Amino acid sequence: VAVVGAMTLHLALLIISSRYYHDATRSGNRLSPRYFRRNALASSAILLCILAGALSGAGGLSNTSVVFGALWLVEKYVELHLHEGWHGWTLVFLLSLTMYRASLWLHDHPAFVVGVFEFEA
């Protein structure tokens with residue numbers, strides 16, 4: 001239950017904290033205060049779920065929250081990269097390097113992946 005609930009919560013917060021959500025910008029490049037509040041909500045929910053999972057022994061909750069925290073950070077970097085107009089191939093290269101390093105880390109730490117799919121009654 002903790003994993004599915006955390007996935008639903010974090011996915012919803014990931015969507016609404018995006019710069020490309022329908023009302024993130026009011027006029028041109030100026031970001032609305034709602035954008036910053038939604039990002040504060042998303043980041044604090046991710047951190048609280050990581051903490052709650054670690055304190056309660058629910059490894060699936062904390063692991064799922066770490067995954068969505070990484071996705072949130074990648075999304076914020078992509079938003080910055082596109083907003084600044086940096087070269088697109090640089091973005092592809094940096095994301096490929098990040099995914100490569102993440103796959104190596106997950107290969108060395110399979111318990112992290114297993115923890116996401118553990119179901120305790």
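Only this structure's heavy atoms are used, side chains among them; waters, hydrogens and symmetry mates stay out. Note that the numbering runs from 1 along the sequence shown for the chain. What you see is a predicted model; the values in this text were computed from it and never measured.
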S.K.: Does atom CH2 (W89) have a neighbourhood of more than 12 heavy atoms from anything else shown, all under 6.0 Å?
M.R.: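 Check fails, neighbour count at 12 or below.
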S.K.: Give the minimum heavy-atom separation between S62 and A54, together with the two atoms involved.
M.R.: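 Closest approach of S62 to A54, heavy atoms only: CB-N, 4.1 Å.
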S.K.: Apply side chain to side chain contact (heavy atoms under 4.5 Å, CB included) to the pair V78 and L95, showing each step before the final yes or no.
M.R.: CA-CA 9 Å; V78 169; L95 289 177; 4.1 Å; yes
S.K.: Please answer: with hydrophobic residues joined when any side-chain heavy atoms are less than 4.5 Å apart, are L11 and Y21 in the same cluster?
M.R.: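 Yes, one cluster joins them.
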S.K.: Could you tell me the separation between the CG atom of L104 and the CE atom of M99, rounded to the nearest 0.5 Å?
M.R.: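 Here the interatomic distance stands at 11.5 Å.
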S.K.: Using the side chain to side chain contact (heavy atoms under 4.5 Å, CB included) rule, take R38 and L13 through it: C-alpha gap first, then chi angles, then the decisive distance, then the call.
M.R.: CA-CA 7 Å; R38 289 176 179 162; L13 291 174; over 6 Å; no
S.K.: Which residues satisfy the ring-ring contact (aromatic ring centres under 6.0 Å, His included) test with Y77, sequence neighbours excluded?
M.R.: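 Only H81 meet the ring-ring contact (aromatic ring centres under 6.0 Å, His included) criterion with Y77.
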S.K.: I need the minimum non-hydrogen distance between K76 and S18, along with the two atoms involved.
M.R.: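 Nearest pair, atom of K76 first, then S18: NZ-CA, 4.1 Å.
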S.K.: Measure the OG-CE distance between S65 and M7 for me, rounded to the nearest 0.5 Å.
M.R.: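 It is 11.0 Å, given to the nearest 0.5 Å.
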S.K.: Hey, what do you get for OG (S17) to CZ (R34), rounding to the nearest 0.5 Å?
M.R.: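 One finds 15.0 Å between OG of S17 and CZ of R34.
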S.K.: How long is the gap from OG on S56 to CG on L51, to the nearest 0.5 Å?
M.R.: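 CG of L51 is found 9.0 Å from OG of S56.
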S.K.: Taking S103 for the side chain and Y100 for the main chain, is one N or O donor matched with an acceptor at less than 3.5 Å?
M.R.: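 Here the side-chain-to-backbone pair exists.
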S.K.: Is the closest side-chain heavy-atom distance between L80 and W86 below 4.5 Å?
M.R.: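 With C-beta onward as the side chain, the pair touches.
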S.K.: Hey, quick one: are L41 and L47 part of the same hydrophobic cluster, counting side-chain heavy atoms closer than 4.5 Å, chains of contacts allowed?
M.R.: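 Different clusters.
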S.K.: Assigning hydrophobic clusters by single linkage (Ile, Leu, Val, Met, Phe, Trp, Tyr; side-chain heavy-atom cutoff under 4.5 Å), is L73 placed with L14?
M.R.: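 Yes, L73 and L14 fall within the same hydrophobic cluster.
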S.K.: In Å, rounded to the nearest 0.5 Å, how long is the span from CD of E75 to CG of N39?
M.R.: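 Taking CD in E75 and CG in N39, the distance rounds to 7.5 Å.
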S.K.: Taking a hydrophobic cluster as the set of Ile, Leu, Val, Met, Phe, Trp and Tyr residues connected by side-chain heavy atoms closer than 4.5 Å, whether directly or through intermediates, do V66 and W72 fall within one such cluster?
M.R.: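 Result: yes, single cluster for both.
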S.K.: For W105 and R101, run side chain to side chain contact (heavy atoms under 4.5 Å, CB included): C-alpha distance rounded to whole Å, both residues' side-chain angles, the deciding distance at 0.1 Å, then the answer.
M.R.: CA-CA 6 Å; W105 186 85; R101 292 294 300 159; over 6 Å; no
S.K.: Going only through I, L, V, M, F, W and Y residues with side-chain contacts under 4.5 Å, is there a path from F112 to L61?
M.R.: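 Per the 4.5 Å side-chain linkage, F112 and L61 are not co-clustered.
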S.K.: Is there a side chain to side chain donor-acceptor pair (under 3.5 Å) between E79 and Y35 once you walk through the steps?
M.R.: CA-CA 12 Å; E79 288 176 4; Y35 173 77; 2.5 Å; yes
S.K.: Ignoring hydrogens, what is the shortest heavy-atom contact between L82 and L91? Give both atom names and the distance.
M.R.: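 Looks like CD2-CD2, 4.3 Å.
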S.K.: Specify the closest pair of heavy atoms between T64 and G60, including all atoms of both residues, with the distance to one decimal.
M.R.: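 T64 and G60 have their closest heavy atoms at OG1-O, 2.7 Å.
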